[in-house]
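Encoded as structure tokens, the structure appears first; notes follow it.
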Amino acid sequence: MIATNKLKIFNDPIYGFINIPNSLIYDLIQHPYFQRLRRISQMGLSYLVYPGAHHTRFHHALGCMHIMQKAVQTLRFKGVSISNDEENALYIAILLHDIGHGPFSHAMEHSIVEEVHHEEISLKFMNALNVEFEGKLDLAIQIFKGEYHRKFMLQLISSQLDMDRMDYLKRDSFYSGVAEGNINSDRLIQMMNVQDEVLVIEDKGIYSVEKFLVARRLMYWQAYLHKTSVVAEITLTKILKRAKELTQKGEQLECSKPLSFFLNNKITSAQFDLEELITFSQLDDYDVLGAIKALQFHDDFILSSLSKMIINRDLLKIIVLDEKVDTEKLDQYKSKLLNLYSISEKEANYFVFKGKLKNQAYNKESEPIRILKKDGSIENLVDSSDQLQVKALSKSVTKYYICFPKVLLDI
């Protein structure tokens with residue numbers, strides 16, 4: 001019998017009341033591994049651009065579970081057979097799909113835990129929880145890994161039109177205030193169906209899909225790839241890389257034990273065992289921000305300068321271009337910097353660098369969004385759409401950037 005104190009509801013600003021479907025889901029939400037997501041920001045350092053973007057991965061995971069409940073309800077109404085075990089497995093898989101994200105989300109993947117992707121860590125957390133919960137996550141893990149014979153279940157969790165994308169677009173749009181990212185997730189879910197165990201969208205929902213893809217493209221340019229968000233995240237990555245560089249030379253830095261562990265050790269996928277997982281579960285945004293607050297006063301010029309940039313929101317200048325950055329221009333800025341400060345050419349790379357941004361709202365090469373026609377046939381979205389914009393949205397747009405200290409503008 002389900003204990004009544006486990007029949008909780010969350011009040012969510014996007015969807016209203018979110019119900020916890022059963023005691024197992026409640027216990028997973030209550031677990032310290034999942035509660036840690038309250039301390040992991042959903043949009044990294046985007047709050048430096050959009051002050052309201054302080055929502056967390058915890059918000060997002062609950063929202064995904066809520067719309068998964070709606071999707072299951074809709075598909076069952078349309079005659080798709082989904083057993084209670086499959087239903088529960090879908091809720092668990094979508095609830096835990098982002099549990100492996102580190103502090104400030106993607107910044108960690110390129111600095112502290114260099115060779116282990118967050119999805120791999122999510123799976124490690126799921127396996128650890130499965131041991132604790134005596135195998136009750138078996139089916140959820142099977143679906144998450146794409147090993148379950150009913151393909152549409154994985155597509156609901158990870159595809160070009162999944163619950164994850166539907167929630168983060170709507171949620172990130174709401175909290176950032178970027179209205180162009182708002183989508184009608186209810187309409188999209190109502191248009192879902194399953195044919196031959198594959199997820200399809202009924203053809204009357206095609207315009208909602210197009211709106212979804214346009215919203216995704218605009219959210220990438222206006223929020224996720226906003227130039228200030230980009231330079232802030234790169235700066236954070238460089239702080240962590242420099243901290244790791246100094247730590248591995250024997251320098252003791254002021255930071256928490258979990259962060260110190262990952263600075264002192266190069267962790268590969270093979271080494272990422274239960275002990276590393278437990279240490280990782282103690283790591284969140286607070287560890288990183290706390291360290292940066294202390295490191296702004298460190299003797300190392302690079303570490304202190306970069307840390308002050310984040311704390312005081314006085315970031316590097318970033319210029320976004322349509323053409324590739326001229327290497328000569330890059331060298332000019334490096335030369336100016338070397339004349340200004342007594343640092344090496346290698347150290348100058350922390351302050352002057354180039355890169356590129358890619359935005360592709362719809363990928364024709366990967367698993368397509370399938371449209372179910374009135375005659376029962378199935379077409380790929382690109383072939384089915386009468387709008388030229390879907391073909392345009394399928395093209396990958398690349399922009400290039402150069403970053404350097406603002407002080408160089410006056411030299």
Side-chain angles (χ1 to χ4, degrees), residues 31-41 44-45 56-57 96-132 141 145 232-307 309-311 344 346-347 349-351 353:
H31 197 283
Y33 290 168
F34 190 83
Q35 287 293 318
R36 165 185 163 273
L37 296 182
R38 290 183 185 272
R39 303 184 301 279
I40 305 287
S41 59
L45 288 163
T56 66
R57 294 266 163 199
L96 304 179
H97 78 283
D98 268 351
I99 200 171
H101 269 291
F104 295 102
S105 301
H106 300 286
M108 286 292 287
E109 289 179 74
H110 307 297
S111 47
I112 299 290
V113 189
E114 293 164 57
E115 296 171 24
V116 196
H117 194 264
H118 75 266
E119 285 178 0
E120 208 177 322
I121 301 174
S122 290
L123 190 56
K124 289 178 185 291
F125 272 123
M126 283 187 190
N127 286 325
L129 287 165
N130 198 28
V131 172
E132 262 189 69
I141 290 168
K145 288 166 76 176
E233 188 167 300
I234 295 168
T235 304
L236 176 58
T237 303
K238 288 184 178 289
I239 291 167
L240 294 170
K241 279 190 173 174
R242 181 63 172 177
K244 195 161 193 173
E245 200 178 297
L246 294 177
T247 305
Q248 292 183 354
K249 283 180 183 173
E251 184 121 9
Q252 288 294 312
L253 299 180
E254 194 179 330
C255 63
S256 68
K257 278 186 180 177
L259 184 56
S260 177
F261 173 81
F262 284 101
L263 290 175
N264 277 289
N265 298 285
K266 185 171 182 178
I267 307 295
T268 63
S269 184
Q271 296 165 313
F272 209 108
D273 293 325
L274 186 60
E275 189 183 337
E276 285 74 23
L277 191 70
I278 290 166
T279 307
F280 185 86
S281 75
Q282 294 160 4
L283 200 58
D284 54 51
D285 289 7
Y286 298 174
D287 296 82
V288 174
L289 271 182
I292 292 172
K293 279 180 76 178
L295 294 173
Q296 66 180 319
F297 305 111
H298 196 273
D299 292 339
D300 182 69
F301 174 75
I302 296 166
L303 211 46
S304 64
S305 300
L306 294 174
S307 297
M309 287 177 191
I310 295 287
I311 295 297
S344 69
K346 187 186 173 188
E347 289 169 339
N349 291 330
Y350 277 99
F351 299 97
F353 50 87

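In this chain, residues are counted from 1 in sequence order.
Here the CD1-NZ distance, from Ile310 to Lys293, works out to 14.5 Å after rounding to the nearest 0.5 Å. With rounding to the nearest 0.5 Å, the separation of OG1 in Thr237 from OH in Tyr350 is 11.5 Å. Interatomic distance, Leu289 CG to Leu236 CG, rounded to the nearest 0.5 Å: 8.0 Å. With rounding to the nearest 0.5 angstrom, the CG atom of Leu96 is 10.5 Å from the NE2 atom of His31. Of the inter-residue distances, the one linking His117 atom NE2 with Ser269 atom OG reads 12.0 Å to the nearest 0.5 angstrom. If you take CG on Leu240 and CZ on Phe104, they are separated by 9.5 Å, rounding to the nearest 0.5 Å.
Considering only heavy atoms from C-beta on, Gln282 stays 4.5 Å or farther from Phe261 through its side chain. Annotation: side chain of Leu253 is in contact with side chain of Leu303 (closest heavy-atom distance under 4.5 Å). Here the side chains of His298 and Arg242 are not in contact, with every heavy-atom distance at 4.5 Å or above. Residues Leu37 and Asp284 form no side-chain contact, since every pair of their non-hydrogen atoms from C-beta on lies 4.5 Å or further apart. Using a 4.5 Å heavy-atom threshold, the side chains of Cys255 and Leu263 count as touching. Taking 4.5 Å as the limit, some side-chain heavy atom of Leu129 sits within range of a side-chain heavy atom of Ile99. Residues Ile40 and Thr56 form no side-chain contact, since every pair of their non-hydrogen atoms from C-beta on lies 4.5 Å or further apart.
Under a 3.5 Å cut-off, the side chain of Ser307 and the backbone N or O of Ser304 do not form any donor-acceptor pair. Remark: side-chain polar atoms of Asn127 are not paired, donor with acceptor, to backbone N or O of Lys124 under 3.5 angstrom. Listed for the Asp285 side chain is a donor-acceptor partner under 3.5 Å among the backbone atoms of Ser41. Judged by distance alone, the side chain of Thr235 and the main-chain N or O of Leu306 form no donor-acceptor pair under 3.5 Å.
Evaluation of the ring pair (Phe, Tyr, Trp, His ring centres under 6.0 Å) rule for Phe125 yields Tyr33 as partners, not counting sequence neighbours.
Atom CD of Glu254 is surrounded by 12 or fewer heavy atoms from other residues, nucleotides or ligands within 6.0 Å.
Residues Phe351 and Phe301 place their aromatic rings such that the two centres sit under 6.0 Å apart.
A cation-pi contact, defined as under 6.0 Å to the ring centre and within 45° of the axis, links Lys238 to Phe353.
Neither side chain, Thr279 nor Glu276, offers a donor N or O lying under 3.5 Å from an acceptor on the other.
The minimum heavy-atom distance linking Val288 with Pro103 is given by the pair CG2-CB, 3.6 Å. The shortest non-hydrogen separation linking Arg36 to Leu283 is NE-O, 3.0 Å. Summarising the geometry of Tyr286 relative to Arg39, their closest heavy-atom pair is CE1-CD, 3.7 Å, with the distance given to 0.1 Å.
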